[in-house]
There are 2 protein chains.
Amino acid sequence: MDTAPRPGLRERKKRRTRDALVRAALELFTSQGYERTTVDEIVEAVDVSQRTFFRYFAGKEDAAFAVQRMSESHFVEAVRQRPAHETPLEALRNAVMANWDTIGEAIEAVVPIELHMRTFQLIESTPVLLAAHLCRQEGLEEEIARVIAEREGLDVDADPRPRVAVALFGGVMRLAGRLWGAGDDFSVAALRELTASHLDQVIPALARDWRTDRSGGVPDTR
Amino acid sequence: MDTAPRPGLRERKKRRTRDALVRAALELFTSQGYERTTVDEIVEAVDVSQRTFFRYFAGKEDAAFAVQRMSESHFVEAVRQRPAHETPLEALRNAVMANWDTIGEAIEAVVPIELHMRTFQLIESTPVLLAAHLCRQEGLEEEIARVIAEREGLDVDADPRPRVAVALFGGVMRLAGRLWGAGDDFSVAALRELTASHLDQVIPALARDWRTDRSGGVPDTR
DNA sequence: AGGCTAGTGACAGTCACTGACAATTGACAA
DNA sequence: TTGTCAATTGTCAGTGACTGTCACTAGCCT
């Protein structure tokens, strides 16, 4: 395993340009709004041609999700490496939590965490970005459903449970994210707390008897 | 209540133009692809100026969802009018089914049903449209969650169950839609069948004892 | 050193979308 | 019936995202 076999000057330069573009883009997006920021402004801040921007990113939108992508793939990996004795929802919950602790440095290498947090809110409050976010979210859920199915030795296409479990999980996560964005404490800790409390409210409810217990968080209500 | 107090020539003309634009747009989108269809092609087919198109629709995307919007608002109304004795998920299930029977004519007044079905597939297979679809879907779910909460006399913000139930329902619907699009029978009946069978598989599973019954469709699997 | 090639910039062009203003046309009253 | 008002529409010009092309620069490799 050679994770860093001397990147070479060219590679280093590319990455520096790319990171600079991401930083500039997020900084501008969060400070003056996504729509009100032009690609020209971004490339001017980094001093490269517009054409170069579009060689690094498929579009303006793509730049906004650059950091999210890191976090997401990191999360999938975290789920994959959860011990087999955990139930699916436990594994997912623990993976999110662990992710918050370990992803920090990787993000900070590109942009300040604080900027990443502001970007998160930006996405939630910008229709075009929210749409794109939900779409990639669905792709992520499909991927995770497959990981879960494999863990449990199930066939994703035959047994709907992995997908349902992941959809439920995703729904709760999204709800927590929305509430965090609507609140007034925009710290990482606050998001962590909120996520944890929501997950801890739902998971035990699913493990309990859903039929006789009416106070849990069960959808068979009347 | 006067639902049709003589629309007036002006109104009739507006509606005719709008419908023609929708028809032309969907026809072109489904036959040559959404991205590969320009607004100029659409307006040329109807023989109006491009500016007029953008006065009727917020964007190219907006035209693609014109019929969906009808169907959705019709569905919300259907849910609202379900008898109170049905459980939330029963009400949702029955509303979808009833919707398939009654929405037909309203759609046919604008575009052929068959075109609407092809549009559905188009949305599922076009990333930009899918993103927009998921976004508006989320909005719809929020609206329905409120309707359900009201039916059951609950507070949406205090009790998560309405939202969870609706999210679950939405997830199943989306899954059915995806499978239909991936299959080879593109008829309305096929989608109806698929939707029904999926719903009928999940709803009883939720009503049963989720803890002891391991074959249902329950997310607390191991 | 010198050739190879990836990465870049400059330029022109397409397409979605918008603001402004003028021309048209249905609505309605005198 | 006719004249006025207001809604609809067309024309024109402009912005901004995004793409293809081509020449050029700069790491890389022998």
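Within every chain, numbering begins at 1; the chains are lettered A, B, ... in the order of the sequence lines, protein sequences first and strands thereafter.
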key: Pair D185(A), S187(A): side-chain N/O donor-acceptor within cut-off below 3.5 Å   = yes
Identify all pairs in which a protein N or O lies below 3.5 Å from an N or O of nucleotides 26-30 of chain C, and state each distance.
| residue | atom | partner | partner atom | Å |
| --- | --- | --- | --- | --- |
| dG26(C) | OP1 | K13(B) | NZ | 3.2 |
| dG26(C) | O3' | R10(B) | N | 3.3 |
| dG26(C) | N3 | R10(B) | NH2 | 3.1 |
| dA27(C) | OP1 | L9(B) | N | 3.0 |
| dA27(C) | OP1 | R10(B) | N | 3.2 |

query = OP1, OP2 of dG7(C) versus side-chain N and O of K14(A): anything below 4.0 Å?
reply = yes
message = List the residues meeting salt bridge (charged side-chain N to carboxylate O under 4.0 Å, His left out) with E61(A), not counting sequence neighbours, and say none if there are none.
response = none
note = E61(B) atom CD is separated from dC17(C) atom C1', nearest whole Å, by 13 Å
Any protein N or O atoms within reach of nucleotides 20-23 of chain D? Criterion: under 3.5 Å, listing atom names and distances.
| residue | atom | partner | partner atom | Å |
| --- | --- | --- | --- | --- |
| dG20(D) | N7 | R51(A) | NE | 3.3 |
| dG20(D) | N7 | R51(A) | NH2 | 2.9 |
| dG20(D) | O6 | R51(A) | NE | 2.7 |

query = Are R82(A) and E90(A) close enough for a salt bridge, meaning some N to O gap below 4.0 Å?
reply = no
inquiry  = Under the rule for salt bridge (charged side-chain N to carboxylate O under 4.0 Å, His left out), what residues qualify as partners of E77(B), not counting sequence neighbours?
reply    = R80(B)
note = F57(A) atom CZ is separated from dT8(C) atom P, nearest whole Å, by 11 Å
key: Residue closer to the 5' end of DNA chain C, F53(A) versus Q50(B) (nearest nucleotide)   = F53(A)
ask   = What does Y56(B) touch in the nucleic acid at a heavy-atom separation under 4.0 angstrom: a base, only the sugar-phosphate, or nothing?
value = sugar-phosphate
query = For R10(A), which residues count as a salt bridge (charged side-chain N to carboxylate O under 4.0 Å, His left out) partner, sequence neighbours excluded?
reply = none
query = Which residues, if any, of residues 31-48 of chain B bring a heavy atom under 4.0 Å of DNA chain D?
reply = V48(B)
For atom CZ of R15(B) and atom P of dT8(D), their distance in whole Å = 15 Å
inquiry  = I want to check one thing: is the phosphate of dC18(D), taken as OP1 and OP2, less than 4.0 Å away from some side-chain N or O of K60(A)?
reply    = no
